[in-house]
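In what follows, a single structure is set out as structure tokens and then discussed.
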There are 2 protein chains.
Amino acid sequence: MIGGSELERLLRGAALRVTRPRVAVLAAVRDHPHIDTESIIGVVRERVGAVSHQAVYDVLRVLTTAGLVRRIQPAGSVARYEARVGDNHHHVVCRSCGAIADVDCAVGFAPCLTAADDAGYTIDEAEVVYWGQCTDCARQGRTGPAAEQRTVHSHEQPT
Amino acid sequence: MIGGSELERLLRGAALRVTRPRVAVLAAVRDHPHIDTESIIGVVRERVGAVSHQAVYDVLRVLTTAGLVRRIQPAGSVARYEARVGDNHHHVVCRSCGAIADVDCAVGFAPCLTAADDAGYTIDEAEVVYWGQCTDCARQGRTGPAAEQRTVHSHEQPT
DNA sequence: CTCACTTTCTGGAATGAATCAAGACACCGG
DNA sequence: CCGGTGTCTTGATTCATTCCAGAAAGTGAG
Ligand SMILES: [Mn+2]
Ligand SMILES: [Mn+2]
Ligand SMILES: [Zn+2]
Ligand SMILES: [Zn+2]
């Protein structure tokens with residue numbers, strides 16, 4: 001809901017052409033932190049009409065490479081994108097519903113942690129994912145991953 | 001290469017029946033840290049002959065649920081398993097070749113980090129993934145993800 | 001030892017995210 | 001105003017993983 005010219009400047013600053021799909025995708029990601037590709041396609045189509053899924057995938061790749069958006073992928077989740085970049089923040093993920101929230105990094109730049117023994121690796125980033133349960137799920141006493149429909153695998157016995 | 005009876009005890013201790021596939025999968029994971037499912041199937045078949053991929057997937061799920069193995073899934077990687085459990089250690093991943101090495105946790109139990117602002121979540125684990133480049137890749141000057149064959153997407157311009 | 005119950009096998013089929021493909025067209029910007 | 005970049009359309013493909021279901025095998029409690 002903020003000025004598109006702002007986004008235009010971002011794109012030009014990254015030496016990227018300003019196109020409708022790019023601006024729309026960038027806006028969608030900025031307005032919906034940790035949004036997944038499917039939802040981006042939905043949001044973008046609402047705003048600018050027809051956009052091919054191919055275009056969205058292409059745009060996301062370009063924006064990610066340019067560093068305008070960040071791609072995150074907690075285990076068990078599809079790829080998600082956010083426009084909050086450059087501050088090396090972390091995430092907390094709900095084991096029950098998959099909700100993601102930002103967690104500020106005390107250090108603010110990468111790598112914000114030093115490995116005791118780095119096994120010789122040259123480390124450029126320490127990614128931290130906090131796992132737990134969000135307030136909603138805690139209150140409702142949800143337990144397992146809500147994403148899975150709790151269908152019982154035929155080879156598995158119900159507990 | 002260690003006693004199978006050791007593994008049997010592990011399984012029984014988790015109230016799991018001792019079956020050939022289970023013992024074989026557990027041994028494979030223990031002997032090949034951070035092994036992926038495909039490789040597990042290979043290793044298991046070498047040792048005990050025919051085992052269905054379905055059985056391996058089932059076994060891995062059971063072992064993971066029982067806490068005998070840990071499943072890790074760094075972004076851009078397929079699921080990998082390890083038998084080193086209970087010590088809350090972390091991992092360092094090579095951006096070029098995907099190699100994974102263990103990183104001891106200074107604390108040794110979860111959660112080993114406290115979030116500045118946990119957004120109300122009840123946090124039970126802080127997972128840390130160090131990203132960087134392994135010694136081999138650094139020496140050979142590899143740059144991009146080696147997993148991807150560097151084929152140029154038709155919609156993408158080479159830099 | 002026996003039997004009920006669990007686990008695995010077989011052989012596919014389906015899923016879902018992501019990528020690839022390629023020609024035609026649109027449109028951005030120097 | 002063009003050259004070249006980006007997008008469109010339509011479909012196919014890949015790959016890990018899960019689902020399926022009946023039959024066979026194997027385990028362990030009693
Ligand atoms: Mn974030
Ligand atoms: Mn490990
Ligand atoms: Zn939740
Ligand atoms: Zn490497």
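Throughout, protein chains are lettered first and strands after them, A, B, ... in sequence-line order, and every chain is numbered starting at 1.
By the salt bridge (charged side-chain N to carboxylate O under 4.0 Å, His left out) test, Arg12(B) is found to be paired with Glu8(B), residues two or more places apart in sequence or in another chain being considered. Partners of His91(A) under the ring-ring contact (aromatic ring centres under 6.0 Å, His included) rule, at least two apart in sequence or in another chain, are His34(A), His89(A). Every residue two or more places apart in sequence or in another chain was checked for a salt bridge (charged side-chain N to carboxylate O under 4.0 Å, His left out) with Asp36(A), and none qualifies. For Gln140(A), the side chain to side chain donor-acceptor pair (under 3.5 Å) partners at least two apart in sequence or on another chain are Arg142(A). For the salt bridge (charged side-chain N to carboxylate O under 4.0 Å, His left out) test, no residue two or more places apart in sequence or in another chain qualifies with Arg45(A). Taking the side-chain contact (heavy atoms from CB on, under 4.5 Å) definition, one finds that Ala138(B) meets it with Gln133(B), sequence neighbours left out.
With dT7(D), dT8(C), dG11(D) as the choices, the nucleotide that has an atom nearest any side-chain atom of His53(A) turns out to be dG11(D). Out of dA21(C), dA17(C), dT17(D), the shortest distance to the side chain of Ala79(B) is found at dT17(D). When each of dG6(D), dT8(C), dA17(C) is scored by its nearest atom to the side-chain atoms of Arg22(A), the top-ranked nucleotide is dG6(D). Comparing dC9(C), dT17(D), dC19(D) against the side chain of Ser52(B) picks out dC9(C) as the nearest. Across dT17(D), dT18(D), dC9(C), the shortest atom-to-atom separation from the side chain of Arg61(B) is found for dT18(D).
The phosphate of dA18(C) (OP1 or OP2) has a side-chain N or O of Thr37(A) nearer than 4.0 angstrom. Distances shown here put a side-chain N or O of Tyr57(B) below 4.0 Å from the OP1 or OP2 atom of dT17(D).
When Val59(B), Thr65(B), Thr64(B), Asp58(B) are each tested for a side-chain contact (heavy atoms from CB on, under 4.5 Å) with Arg61(B), only one passes: Thr65(B). When each of Ile72(A), Ile40(A), Leu63(A), Leu68(A) is paired with Tyr81(A), the side-chain contact (heavy atoms from CB on, under 4.5 Å) condition holds for Ile40(A) and for no other.
One can place CG of Asp58(B) at 10 Å from P of dC19(D), the figure rounded to the nearest angstrom. Note: CD (Gln73(B)) to P (dA17(C)) measures 14 Å, nearest angstrom. When rounded to the nearest whole Å, the span between CD of Gln54(A) and P of dT19(C) equals 9 Å. Leu26(A) places its CG atom 16 Å from the C1' atom of dG6(D), with the value rounded to the nearest Å. Rounded to whole Å, the distance from CG on Leu63(B) to P on dT7(C) is 11 Å. Rounded to whole angstrom, the span from the CG atom of Leu11(A) across to the C1' atom of dT7(D) amounts to 15 Å.
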Intra- and inter-strand pairing of DNA chain D, written as dot-bracket with Watson-Crick and G-U pairs under 3.5 Å and | for the latter, reads ||||||||||||||||||||||||||||||
Donor-acceptor list for residues 110-120 of chain A side chains, cut-off 3.5 Å, not counting sequence neighbours:
residue	atom	partner	partner atom	Å
Asp117(A)	OD1	Ala119(A)	N	3.0
Asp118(A)	OD1	Gly120(A)	N	3.0

Under 3.5 Å between N/O atoms: give me all the protein pairs with nucleotides 28-30 of chain D, atom names plus distance.
residue	atom	partner	partner atom	Å
dG28(D)	OP1	Arg12(B)	NH1	3.3
dG28(D)	OP1	Val18(B)	N	2.8

